[in-house]
Enquirer: 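Dropping the structure in here first, questions after.
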Protein chains: 2
Amino acid sequence: MAVTLKDIARACEVDVATASRSLNGAYGVRAETRQRILDAARRLQYRPNRIARGLVTGRSRTLAMVVGDIRNPFYAELARGVEDAAYRAGYELVLCNCDLSSDRQMHYIHSLLEKRVDGILLSAVARLNSAEQLELSRSDAPIVLLNRPPGGARGYSTVLADNYRGGWLAGETLAGLGHRKILLLAGPRDNGNLAARETGFLKALQARSGGAAPLILRAQHNSEGARHALAEYLHARAQRRRLPAAPPRGAFTALFAVNDAMAIGATRAIFEAGLNVPLDISVIGFDDIEFSGMLRPPLTTIHQPKYEMGRAAVEILLRHVGKPAGWMPEHRTMEVRLVMRESCRALRA
Amino acid sequence: MAVTLKDIARACEVDVATASRSLNGAYGVRAETRQRILDAARRLQYRPNRIARGLVTGRSRTLAMVVGDIRNPFYAELARGVEDAAYRAGYELVLCNCDLSSDRQMHYIHSLLEKRVDGILLSAVARLNSAEQLELSRSDAPIVLLNRPPGGARGYSTVLADNYRGGWLAGETLAGLGHRKILLLAGPRDNGNLAARETGFLKALQARSGGAAPLILRAQHNSEGARHALAEYLHARAQRRRLPAAPPRGAFTALFAVNDAMAIGATRAIFEAGLNVPLDISVIGFDDIEFSGMLRPPLTTIHQPKYEMGRAAVEILLRHVGKPAGWMPEHRTMEVRLVMRESCRALRA
DNA sequence: ACAAGTCTTGCAAACGTTTGCAAAGGTATA
DNA sequence: TATACCTTTGCAAACGTTTGCAAGACTTGT
């Protein structure tokens, strides 16, 4: 059995109230008494029961983050930012993987509310239906959407990278290097972030005089999906031209993948087709996950400040904690920047 | 204010006890009454307060995992295994990053004990001093060491990959391919797992007749550390031979890095020195993190069943939950296997 | 119709804290 | 010496559940 306040009160021949006061605020208890109690607490290895405390205070000093898949390095980095910020503020973090399943996401949210966490960071991908949204909105824990476009659920605070600008940057870069025949390796249409990158990219190409509309290839937003889709595309093209052996050089000279995982898969497909990056095809990605720099060739990409995004989300969340539901949603969009590495080359005009 | 049991009891004109019983076990309450209560609960959006429940039951249905750095894909995969297993058993997971800091690790462990989590999975790297060990040992939450050699702390259950065997396998593989001049890219000496891989590897080379002792190079156990150390080594060697321009071909034909991150860093160093993998140097790693297969060339490595290790740890942990401290520590070592990809080639004799 | 049993329900204690309130005790001021 | 004030301490309620116990209602068997 664990040692409780009562035990140490008995040992010191005081009331539990005095013991409690000594261990928390120092106010209103004689220094000598207080010291006696502190000593006893240490001696008996007293460990306050946070559950009991939480019951009376109504606070758990715990934040929760619901995430699609922690194996995704992007989320892992985000989670680190969140964790560090929470830790520094004296909060703990509960991490939940909902595995892209909407059921599981809702299950977790329920649990978290039952546990009375002080706030929730939502960065999973599954969309909420309207019943779920209603349910969320009347929960009293503040919620911040992290890396989720606000489209689905109004009324929440959001932290988001400037996906549109990033896509635009990618387009500018490729066009600036002289590329005209470009492939856009896009993700599923219903992913808001990816879609924003896409439109930014297209806008940039349009803005360039003479920028022809790019080819668009849609794939799952992971390495394997991108690799598969691009391989198939290259293969089909080779066949159409009755060049089964020779690689289909020249159809496009550059490629923008809407995230790094896809860029990596695409790079593989390109090499497997006997082509070279960046000699035959320049590749640019999005995210700047840690591995991008370790690839051969190192991947040129759009950097998202993942860690800082996590931090910012916690700041906003903490500002809402304890406030009555009269919050004003805050929206923060974080700047992105180009990281030029070696997977893109300039085309001589 | 949240709606409580009392509210729904009042609404149905029953006692809170009946309400509680209806919502939990169905036993001992008339079906009609029960239904009335269930309806009211739904209507009022009742959400049981787990804190209160935890206080009386003494269980939180929460497991905790303390991890060095979740950005490390190895830990992320481990965490997924843990999470899934916990979820399936009806538990939640609290993930804590201690960032390789011993202080922070201890801080988290304290918090977790105060929160009365039902069990703790420890897979952080920081060593515990004896005071900390004592403290842990008298806590009443069961603890399982995950991917930590039992050396430091006896008395705990452990789940571990067969590091020795994996090292041995790597040695066998390289020797079997005809390599004789081999470099061992080792990690810090005080890391038990890495050390076991090292000795396994050396034993395998010794066992081979004519297996010369390998060169040993020690580095930090991450990409950058390995890259730096190897680059320096290759450079120094080139200078010694007064071949500043020409790469130092032939000093060794194969290399074993004790984890994949290091193997990746090493591969980079090799290419940067103008050499080729696997033509000039064969590379073999350890872990089989997801990215290994996406590298160019895809990395030959020793596979650890990370996900399953997480699962196994939870199984053991759950078996101890609720048991009086009369546990018998269980030790589970998981099998590793060789994943042959393209970073190793056979030497023609 | 009565005893014995079963089913349903309520009462109240317990879990380990925090905290408002009031009762002491002490000290300074008049 | 009496008054007022401040400091230190204890009492007890509260947080929202679960659960042992007992009382009442109902059923069954004789």
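Small disclaimer: the values here were computed from a predicted structure and weren't measured.
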Enquirer: Indicate yes or no: does B:Arg319 engage B:Glu330 in a salt bridge with an N to O separation below 4.0 Å.
Expert: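 Here B:Arg319 pairs with B:Glu330 in a salt bridge, since their nearest N and O are under 4.0 Å apart.
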Enquirer: B:Gln35: which residues meet the side chain to side chain donor-acceptor pair (under 3.5 Å) condition with it, sequence neighbours left out?
Expert: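 Only B:Asp39 meet the side chain to side chain donor-acceptor pair (under 3.5 Å) criterion with B:Gln35.
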Enquirer: In whole angstrom, give the distance that lies between atom NZ of A:Lys6 and atom C1' of C:dG16.
Expert: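 Spelled out: NZ on A:Lys6 to C1' on C:dG16 is 8 Å.
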Enquirer: If you find the nucleotide of DNA chain C closest to A:Ile51 and the one closest to B:Val14, which residue's nucleotide is nearer the 5' end?
Expert: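 In this pair, the answer is B:Val14.
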Enquirer: Is the distance from OP1 or OP2 of D:dT9 to the nearest side-chain N or O of A:Arg30 less than 4.0 Å?
Expert: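 The answer is yes; a side-chain N or O of A:Arg30 sits under 4.0 Å from OP1 or OP2.
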Enquirer: Please report, rounded to the nearest Å, how far the C1' atom of C:dG16 is from the NZ atom of B:Lys115.
Expert: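 Going from NZ in B:Lys115 over to C1' in C:dG16 covers 17 Å.
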Enquirer: List for me each residue that meets side chain to side chain contact (heavy atoms under 4.5 Å, CB included) alongside A:Thr33, sequence neighbours excluded, and say none if there are none.
Expert: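 A:Thr33 satisfies side chain to side chain contact (heavy atoms under 4.5 Å, CB included) with A:Val14, A:Val29, A:Arg30, A:Arg36, A:Ile37 once adjacent residues are dropped.
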Enquirer: Would you say B:Arg53 places a side-chain N or O within less than 4.0 Å of OP1 or OP2 belonging to D:dT18?
Expert: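 Looking at the OP1 and OP2 atoms of D:dT18, one of them is under 4.0 Å from a side-chain N or O of B:Arg53.
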Enquirer: How long is the line joining CD of A:Glu32 and C1' of D:dT8, in whole Å?
Expert: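 My rounded result for the distance is 12 Å.
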Enquirer: Can you tell me how far C1' of D:dT18 sits from CD1 of B:Ile8, to the nearest Å?
Expert: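 B:Ile8 atom CD1 is separated from D:dT18 atom C1' by 14 Å.
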Enquirer: Using the salt bridge (Lys or Arg N to Asp or Glu O under 4.0 Å) criterion, which residues pair with A:Arg332? Sequence neighbours excluded.
Expert: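 Applying salt bridge (Lys or Arg N to Asp or Glu O under 4.0 Å) to A:Arg332 gives none.
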Enquirer: For C:dT8, does OP1 or OP2 lie under 4.0 Å from any side-chain N or O of B:Thr33?
Expert: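 Checking B:Thr33 against C:dT8: no side-chain N or O falls below 4.0 Å of OP1 or OP2.
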Enquirer: Can you name the side chain to side chain contact (heavy atoms under 4.5 Å, CB included) partners of A:Arg59, sequence neighbours left out?
Expert: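 Per chain and number, A:Arg59 pairs via side chain to side chain contact (heavy atoms under 4.5 Å, CB included) with A:Thr57, A:Asp118, A:Val321.
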Enquirer: How does each nucleotide of nucleotides 19-27 of chain D score, in 5' to 3' order, for protein heavy atoms under 4.0 Å: base (B), sugar-phosphate only (S), or none (-)?
Expert: BB-------
Enquirer: Which whole-number value in Å describes the distance from B:Arg50 CZ to C:dC15 P?
Expert: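 Spelled out: CZ on B:Arg50 to P on C:dC15 is 22 Å.
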Enquirer: Determine which pairs satisfy side-chain hydrogen bond (donor to acceptor under 3.5 Å, both in side chains) with at least one residue from residues 83-94 of chain B, sequence neighbours left out, and list them in order.
Expert: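 Those involving residues 83-94 of chain B are A:Arg104-B:Glu83, A:Arg104-B:Asp84, A:Tyr108-B:Glu83, A:Ser111-B:Glu92, A:Lys115-B:Glu92, B:Arg50-B:Glu92, B:Arg80-B:Asp84, B:Asp84-B:Tyr307.
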Enquirer: Got B:Leu121 and B:Val159 here, is their nearest side-chain heavy-atom distance under 4.5 Å?
Expert: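 Side-chain contact under 4.5 Å: no.
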Enquirer: If the condition is side chain to side chain contact (heavy atoms under 4.5 Å, CB included), which residues does A:Ser20 pass it with, not counting sequence neighbours?
Expert: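 A:Ser20: side chain to side chain contact (heavy atoms under 4.5 Å, CB included) contacts with A:Leu5, A:Asn24.
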Enquirer: When the distance from CZ of B:Arg47 to C1' of D:dT17 is rounded to whole Å, what number comes out?
Expert: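 After rounding, the reported distance stands at 16 Å.
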Enquirer: With each end axis built from five pairs of C1' atoms, what bend angle do you get for the helix from C:dA1-D:dT30 to C:dA30-D:dT1? Round to 10°.
Expert: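 Between the axes fitted at each end of the helix from C:dA1-D:dT30 to C:dA30-D:dT1 lies an angle of 50°.
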Enquirer: Name all residues meeting the side chain to side chain contact (heavy atoms under 4.5 Å, CB included) criterion together with B:Ala11; count only those two or more places apart in sequence or in a different chain, and write none if there are none.
Expert: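 B:Ala11 satisfies side chain to side chain contact (heavy atoms under 4.5 Å, CB included) with B:Leu44 once adjacent residues are dropped.
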Enquirer: Output the rounded distance in Å from CG (A:Leu5) to P (D:dA12).
Expert: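 So the two atoms are 18 Å apart, to the nearest Å.
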